[in-house]
Student: 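Handing you a structure now.
Nothing here was measured: the structure is a model prediction, and the numbers come from that model. Residue numbering restarts at 1 for every chain, and letters A, B, ... go by the order of the sequence lines.
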Protein chains: 6
Amino acid sequence: MTELGVVRRNIHRADRASVDKLAHFGVATVHEAMGRVGLMQPYMRPIYAGAQVSGAAVTVLLHPGDNWMMHVVAEQIEPGDVVVAAITAECTDGYFGDLLATSFKARGARALIIDAGVRDVKTLTEMGFPVWSKCISAKGTVKATLGSVNIPIVCAGALVNPGDAIVADDDGVVVVPRAWAEKTVAAAAAREASEGDKRAKLASGVLGLDMYKMREPLERAGLRYID
Amino acid sequence: MTELGVVRRNIHRADRASVDKLAHFGVATVHEAMGRVGLMQPYMRPIYAGAQVSGAAVTVLLHPGDNWMMHVVAEQIEPGDVVVAAITAECTDGYFGDLLATSFKARGARALIIDAGVRDVKTLTEMGFPVWSKCISAKGTVKATLGSVNIPIVCAGALVNPGDAIVADDDGVVVVPRAWAEKTVAAAAAREASEGDKRAKLASGVLGLDMYKMREPLERAGLRYID
Amino acid sequence: MTELGVVRRNIHRADRASVDKLAHFGVATVHEAMGRVGLMQPYMRPIYAGAQVSGAAVTVLLHPGDNWMMHVVAEQIEPGDVVVAAITAECTDGYFGDLLATSFKARGARALIIDAGVRDVKTLTEMGFPVWSKCISAKGTVKATLGSVNIPIVCAGALVNPGDAIVADDDGVVVVPRAWAEKTVAAAAAREASEGDKRAKLASGVLGLDMYKMREPLERAGLRYID
Amino acid sequence: MTELGVVRRNIHRADRASVDKLAHFGVATVHEAMGRVGLMQPYMRPIYAGAQVSGAAVTVLLHPGDNWMMHVVAEQIEPGDVVVAAITAECTDGYFGDLLATSFKARGARALIIDAGVRDVKTLTEMGFPVWSKCISAKGTVKATLGSVNIPIVCAGALVNPGDAIVADDDGVVVVPRAWAEKTVAAAAAREASEGDKRAKLASGVLGLDMYKMREPLERAGLRYID
Amino acid sequence: MTELGVVRRNIHRADRASVDKLAHFGVATVHEAMGRVGLMQPYMRPIYAGAQVSGAAVTVLLHPGDNWMMHVVAEQIEPGDVVVAAITAECTDGYFGDLLATSFKARGARALIIDAGVRDVKTLTEMGFPVWSKCISAKGTVKATLGSVNIPIVCAGALVNPGDAIVADDDGVVVVPRAWAEKTVAAAAAREASEGDKRAKLASGVLGLDMYKMREPLERAGLRYID
Amino acid sequence: MTELGVVRRNIHRADRASVDKLAHFGVATVHEAMGRVGLMQPYMRPIYAGAQVSGAAVTVLLHPGDNWMMHVVAEQIEPGDVVVAAITAECTDGYFGDLLATSFKARGARALIIDAGVRDVKTLTEMGFPVWSKCISAKGTVKATLGSVNIPIVCAGALVNPGDAIVADDDGVVVVPRAWAEKTVAAAAAREASEGDKRAKLASGVLGLDMYKMREPLERAGLRYID
């Protein structure tokens with residue numbers, strides 16, 4: 001639950017080394033390594049293809065049509081952070097453009113994840129500042145109402161606590177709770193290691209049916225082949 | 001309100017020089033310069049990234065599943081125009097493809113804005129004829145029912161009068177009323193001029209909080225910092 | 001109607017030569033050649049631009065959140081096939097990623113069409129394995145419930161029988177019934193032949209109004225020109 | 001196009017007698033009588049079934065998440081008016097509840113049409129104050145930013161000028177331009193008169209095919225009957 | 001796949017006695033009895049609560065914005081039929097109102113299922129003629145383009161062949177293939193018989209965990225209880 | 001963040017007396033009393049109008065298309081509880097019908113809040129067991145995969161911890177954190193007390209502009225009246 005008008009300055013970020021390693025694995029592998037939880041909804045899409053990042057979450061909660069707190073959160077960014085922004089109600093306005101991106105980048109932010117709209121996407125793409133958002137919209141916002149910074153938020157269906165690890169790529173966005181960062185790295189690495197061998201087998205024509213030994217359980221479940 | 005079965009041949013286009021200058025500023029800046037009005041809804045997306053155009057609006061109103069009036073509007077295009085198409089009810093059919101694009105281009109049209117679907121997008125991309133649309137759909141249409149050309153229409157939530165200036169880029173589409181074109185150029189230029197300095201400051205690490213002098217109003221509004 | 005837990009091994013594929021020719025024409029032309037039927041809904045989008053494929057349909061019906069049958073269908077793929085996947089209820093989970101794509105490709109599949117989500121899209125793009133899907137989602141699935149393979153399915157609003165020809169490109173996906181493949185090739189070729197001449201005329205500035213002799217029927221329908 | 005921060009006090013309302021007669025005919029008949037134009041999009045739904053109203057439009061444009069102007073528009077209501085509210089961007093917040101309804105009703109308003117959310121719907125239903133809205137939402141709003149009153153607005157895809165006639169019932173909402181109110185009453189009355197006879201014939205088993213003499217045009221269009 | 005411009009006059013309807021019995025069981029039970037297949041998508045909603053019907057399907061395929069074929073299908077209705085209407089592309093227009101309902105009712109139709117809009121819903125409710133539709137819309141249609149009657153169609157994601165049994169209630173719409181009608185009645189009756197006993201047990205406080213003997217399989221699957 | 005396959009048996013419920021009092025105020029008042037936070041998204045709608053309930057949250061997380069955990073959560077219900085169900089990905093299946101409702105009711109549950117579909121709504125309405133859901137769907141589910149009970153979940157955009165207070169009525173659903181229940185009752189009571197007087201003033205024709213003393217701040221913000 002949220003309290004409005006509050007900025008928390010000291011947050012505990014997930015272990016930096018673990019956070020940094022997570023980008024390598026990508027969203028799908030990290031999500032599987034965590035036990036298939038933590039994903040944001042699939043409407044969250046990158047403004048350009050190919051970016052793959054991880055970082056510690058700095059969170060911000062804003063009002064519909066009001067981006068005042070984006071300037072407040074900028075001050076709380078540390079190098080390697082990812083800003084995660086939620087709105088108190090559904091909104092498609094363009095909360096973020098090239099000026100804010102310049103500021104966020106200067107502070108060391110690696111990306112913005114926002115459950116609303118973003119604009120100046122051509123410039124953001126040229127700057128190489130990636131954003132995952134609900135939509136692209138040039139709609140401007142006002143600066144009139146307080147929200148909060150570094151409180152727990154729900155963004156695109158996922159709970160995000162300040163300091164959690166965020167991983168984002170072309171497949172979407174996943175949240176790794178702060179306390180899980182290290183063990184998730186380990187689980188993702190194990191998963192990745194096992195995939196190389198599987199990939200080679202499948203590429204050679206071996207079927208998943210045989211590699212995963214599915215034929216017997218499928219038959220037991222009642223699968224019938226007909227000609 | 002609309003009358004069906006009418007083609008207006010003589011329309012007053014926004015001042016050509018002003019219209020042409022608007023493309024440079026882009027949608028977000030023009031929308032802000034106008035006082036944050038005139039945007040089409042964010043579901044209007046370009047079929048390829050990177051196009052940035054402006055032009056005088058030639059409008060057409062069509063029926064669901066019927067693109068007959070696309071051929072009628074083609075004759076009313078003058079070089080530098082942008083065709084804006086609305087449908088009398090929600091429709092996702094593909095009203096426009098490479099043959100019509102060839103015709104529109106030959107007439108001097110710079111783009112199509114359509115609150116429905118478009119097809120042959122690969123060829124349109126190769127031709128460099130940009131389209132902003134609700135969706136991409138190969139669904140063909142019939143030619144059986146009259147609509148109108150160069151009447152006021154509502155396209156994607158925005159009122160468009162024939163001759164209004166249209167600006168479109170990766171951020172969406174904005175409509176500048178004919179009488180506002182010149183002053184909008186001036187306001188956009190002023191806005192752009194002020195942004196260069198701001199961008200430099202933000203890039204150097206100055207915070208928006210300080211540059212915009214927000215700390216005092218935020219405190220007055222009740223913002224509390226906690227550790 | 002569908003029976004669950006069945007895999008049909010022997011299906012009659014549309015004539016291979018005809019199927020292969022269909023890719024050349026593209027979705028819009030094939031759909032028109034068939035009499036404007038057979039299209040999947042426009043929410044089906046390619047994961048990367050530029051792919052244009054055709055193939056014989058191998059069909060699979062799956063449960064929400066369960067991709068077990070993807071491994072079963074892999075065994076039924078023959079070179080030149082396109083796998084078409086439907087879910088028994090609306091679902092956005094990521095049923096398919098790079099491992100399955102490796103397996104499908106090794107079996108000779110040309111593409112996947114799926115009325116759900118897909119993941120590992122960066123790798124799939126690098127592999128050049130095209131997918132048309134409802135969305136992109138990293139959400140993993142379980143392997144617990146039987147579906148069926150090579151039964152008639154409804155995918156994105158279109159009926160697909162095993163062995164039908166599938167054509168997919170940047171405009172979407174169209175289904176050509178097995179028995180119609182040859183005559184559709186002929187009709188599409190005729191259509192394409194007539195378009196070259198039309199394109200040249202339109203490019204030279206001839207209006208569709210004149211080329212298609214629309215002025216008289218428009219006048220008869222009551223179209224009025226005003227100044 | 002809109003100017004923000006303006007309240008127009010003197011508007012010309014459509015002829016009161018005509019406006020009042022329109023409610024009787026209902027939305028579908030009025031829309032047909034006008035030539036099939038003027039409808040708001042079908043997502044606009046009444047909060048309770050059975051209300052059927054007409055009135056002169058008093059318009060208000062608001063910002064996302066901000067209902068300040070609802071209090072400003074209240075003062076401009078005259079008995080027999082219908083308030084029509086648009087938002088400058090997509091928003092689902094609850095802009096209106098039982099207190100504002102009490103005020104609107106005291107001023108003589110007959111209904112609210114709002115392209116956003118409404119709350120306290122149980123009380124509004126008990127009060128008999130009908131609202132057509134995009135959704136129902138308890139989400140509260142702030143009072144911080146100016147909009148405008150009695151300017152032309154686009155509401156749910158329809159252009160509404162202050163003083164236009166509004167008709168709303170279980171089928172949706174239609175806008176009759178001020179200058180068309182009288183002739184629309186006449187056309188709707190003519191249409192209704194002709195329907196009684198048709199209804200009786202159809203009820204007796206006569207087919208529309210014969211009553212409307214469609215058999216010959218259908219055959220000419222190529223319709224084939226097979227057994 | 002569909003051929004346009006065709007009316008099939010002689011169709012084989014599912015066994016009338018079986019069709020009539022299906023209404024009693026309702027959609028959820030019939031769908032379960034068939035093995036959890038055959039449902040239309042959940043956006044199909046009744047225009048009023050409480051109707052529960054079954055009938056043999058008479059099918060019609062229409063174009064966006066064109067309801068001409070509704071008059072053609074009327075002639076093919078036999079007492080006890082349910083008309084099922086699909087559109088060749090997404091459309092929300094109001095294809096059906098009180099005049100057509102009067103005609104359909106006079107022919108003996110029990111309901112309309114339409115993957116588009118319907119209007120005059122207040123009158124239809126008073127007449128007691130139930131409709132399941134995608135939306136309610138007053139938008140009128142034209143009569144200009146041929147579709148087909150009594151061909152296989154896809155309606156709201158479900159394949160419907162002429163003569164199939166249709167069951168519709170407050171939970172939605174399900175399609176029972178003609179050949180399955182009798183055995184589905186038997187399976188639904190068996191299912192219903194077993195439910196009475198279960199309901200009594202659950203009402204007395206017995207848990208499903210015990211009644212369905214789920215504790216052991218849950219434990220085997222790894223469920224852990226913590227305090 | 002969530003761990004799958006866990007059932008927490010001992011949870012701390014919000015103070016019962018406070019929880020029970022919250023139903024009286026309704027969702028809009030409670031949401032305002034909390035500072036405008038805690039609402040679920042507006043797509044959550046009651047299956048019948050008029051229900052107004054509160055209770056302590058018992059939470060359950062399920063997989064797409066799998067309702068196994070509904071039986072597990074039933075055992076954890078205490079009289080006065082409201083079950084809140086989330087799915088690990090978007091899903092519209094019908095997870096809950098009259099048999100489960102019978103069981104939940106026997107256990108003392110007051111309502112179900114589910115971010116998915118529900119079925120047997122006619123029977124549920126007759127039983128007087130209210131459900132707030134994303135949709136109504138007859139689609140059956142399987143029982144194959146573990147979820148969890150009484151862990152923190154995100155339901156329709158809102159974070160719900162086991163034991164939180166839930167309030168639901170025709171305006172939607174709001175979550176009151178366990179620790180806030182008592183003070184929210186107090187704040188809601190204060191708010192309600194002040195509304196009676198306001199309602200009387202507004203009913204007598206006093207404007208909100210005067211009652212809330214808005215004229216001066218509006219003028220200061222730049223509002224201009226024109227004639």
Side-chain angles (χ1 to χ4, degrees), chain D residues 25-46 49-52 157 167-174 191-192 194-215 217-227, chain E residues 3-11 47-49 65 67-77 92-94 97-108 116-127 133-151:
Chain D
F25 300 109
V27 170
T29 296
V30 168
H31 154 72
E32 290 283 350
M34 283 171 69
R36 288 184 193 142
V37 293
L39 277 178
M40 291 191 187
Q41 289 183 351
Y43 64 71
M44 295 295 283
R45 299 299 304 145
Q52 186 159 335
V167 189
D169 64 16
D170 291 349
D171 287 346
V173 184
V174 68
R191 190 175 171 86
E192 194 181 62
S194 80
E195 288 202 344
D197 183 48
K198 286 178 192 163
R199 194 174 288 106
K201 275 189 188 157
L202 294 168
S204 75
V206 174
L207 287 165
L209 285 178
D210 297 310
M211 192 173 78
Y212 297 114
K213 299 190 195 314
M214 288 173 173
R215 291 192 191 273
L218 283 164
E219 191 184 348
R220 219 181 325 122
L223 190 67
R224 289 174 303 120
Y225 284 84
I226 56 180
D227 292 320
Chain E
E3 216 174 334
L4 295 180
V6 170
V7 182
R8 188 173 300 274
R9 272 185 293 226
N10 298 325
I11 62 172
I47 57 169
Y48 58 86
N67 82 339
W68 209 8
M69 300 307 287
M70 285 305 231
H71 293 279
V72 177
V73 75
E75 192 176 27
Q76 306 307 317
I77 296 169
T92 61
D93 286 3
D98 67 333
L99 286 182
L100 271 166
T102 301
S103 180
F104 276 33
K105 208 174 175 180
R107 304 291 299 180
V118 60
R119 60 187 189 176
D120 300 331
V121 295
K122 195 178 192 174
T123 308
L124 297 183
T125 303
E126 289 162 4
M127 289 171 64
S133 69
K134 184 159 86 174
C135 65
I136 291 166
S137 171
K139 178 67 172 59
T141 49
V142 299
K143 296 178 206 319
T145 309
L146 292 188
S148 287
V149 168
N150 281 334
I151 61 168

Student: Between D/Ser204, D/Gly26, D/Gly50, which shows the greatest number of heavy-atom pairs under 4.5 Å with chain E?
Tutor: D/Gly50

Student: Side chain from CB out, backbone as N, CA, C, O: work out which of these in E/Met70 comes under 4.5 Å of a heavy atom of chain D, or both, or neither.
Tutor: neither

Student: Measuring from E/His71:NE2 to D/Arg215:CZ, what's the distance to the nearest 0.5 Å?
Tutor: 12.5 Å

Student: Looking at D/Glu195, D/Arg45, D/Lys198, which one has more heavy-atom pairs under 4.5 Å with chain E than the rest?
Tutor: D/Arg45

Student: For E/Lys143, enumerate each residue passing the side-chain hydrogen bond (donor to acceptor under 3.5 Å, both in side chains) test, keeping only those at least two apart in sequence or located in another chain.
Tutor: E/Asn67

Student: CZ of D/Arg191: more than 12 outside heavy atoms within 6.0 angstrom?
Tutor: yes

Student: Specify the closest pair of heavy atoms between E/Gly147 and D/Leu223, including all atoms of both residues, with the distance to one decimal.
Tutor: O-CD1, 4.2 Å

Student: Just jot down the ring pair (Phe, Tyr, Trp, His ring centres under 6.0 Å) partners of D/Phe25, sequence neighbours excluded, or say none.
Tutor: none

Student: Go through it in stages, so that I can follow the logic: the residues are E/Val72 and D/Tyr225, the test is side-chain contact (heavy atoms from CB on, under 4.5 Å), and I'd like the CA-CA distance, side-chain angles, deciding distance and then a yes or no.
Tutor: CA-CA 10 Å; E/Val72 177; D/Tyr225 284 84; 3.8 Å; yes

Student: Non-hydrogen atoms of chain D under 4.5 Å away: do they reach the side chain of E/Arg107, the backbone, both or neither?
Tutor: side chain

Student: Do you know which of E/Ala106, E/Gly140, E/Cys135, E/Ser137 has the most heavy-atom pairs with chain D at a distance under 4.5 angstrom?
Tutor: E/Gly140

Student: Report yes if the side chains of E/Val142 and D/Arg36 come closer than 4.5 Å at any heavy-atom pair, otherwise no.
Tutor: yes

Student: Side chain, backbone, both or neither: which part of D/Tyr43 has a heavy atom under 4.5 Å from chain E?
Tutor: neither

Student: For the residue pair D/Asp171 and E/Ile136, what are the closest heavy atoms and their distance?
Tutor: CA-CG2, 3.9 Å

Student: With respect to chain E, which residue among D/Asp210, D/Thr29, D/Val27, D/Leu209 yields the maximal number of heavy-atom pairs within a distance under 4.5 Å?
Tutor: D/Leu209

Student: For the atom pair CZ (E/Arg119) and CD (D/Glu32), what is the distance rounded to the nearest 0.5 Å?
Tutor: 4.0 Å

Student: Measure across E/Ala138 and D/Ala28 and return the closest heavy-atom pair with its distance rounded to 0.1 Å.
Tutor: CB-CA, 4.0 Å

Student: Near D/Glu219 CD, under 6.0 Å, is it more than 12 heavy atoms from other residues, nucleotides or ligands?
Tutor: no

Student: At a heavy-atom separation under 4.5 Å, does E/Thr125 approach chain D through its side chain, its backbone, both, or neither?
Tutor: neither

Student: Please state whether the side chain, the backbone, both or neither of E/Glu126 comes within less than 4.5 Å of a heavy atom of chain D.
Tutor: neither

Student: What residue, out of E/Lys139, E/Arg9, E/Lys105, has the most heavy-atom pairs lying under 4.5 Å from chain D?
Tutor: E/Arg9

Student: Go through D/Gly172, D/Ala49, D/Ala221 and name the one with the most non-hydrogen pairs under 4.5 angstrom from chain E.
Tutor: D/Ala221

Student: For chain E, find which of D/His31, D/Met44, D/Met40 contributes the most heavy-atom pairs closer than 4.5 angstrom.
Tutor: D/His31

Student: If I compare all heavy atoms of D/Arg199 with all of E/Thr102, which pair ends up nearest, and what's the gap?
Tutor: O-CG2, 3.5 Å

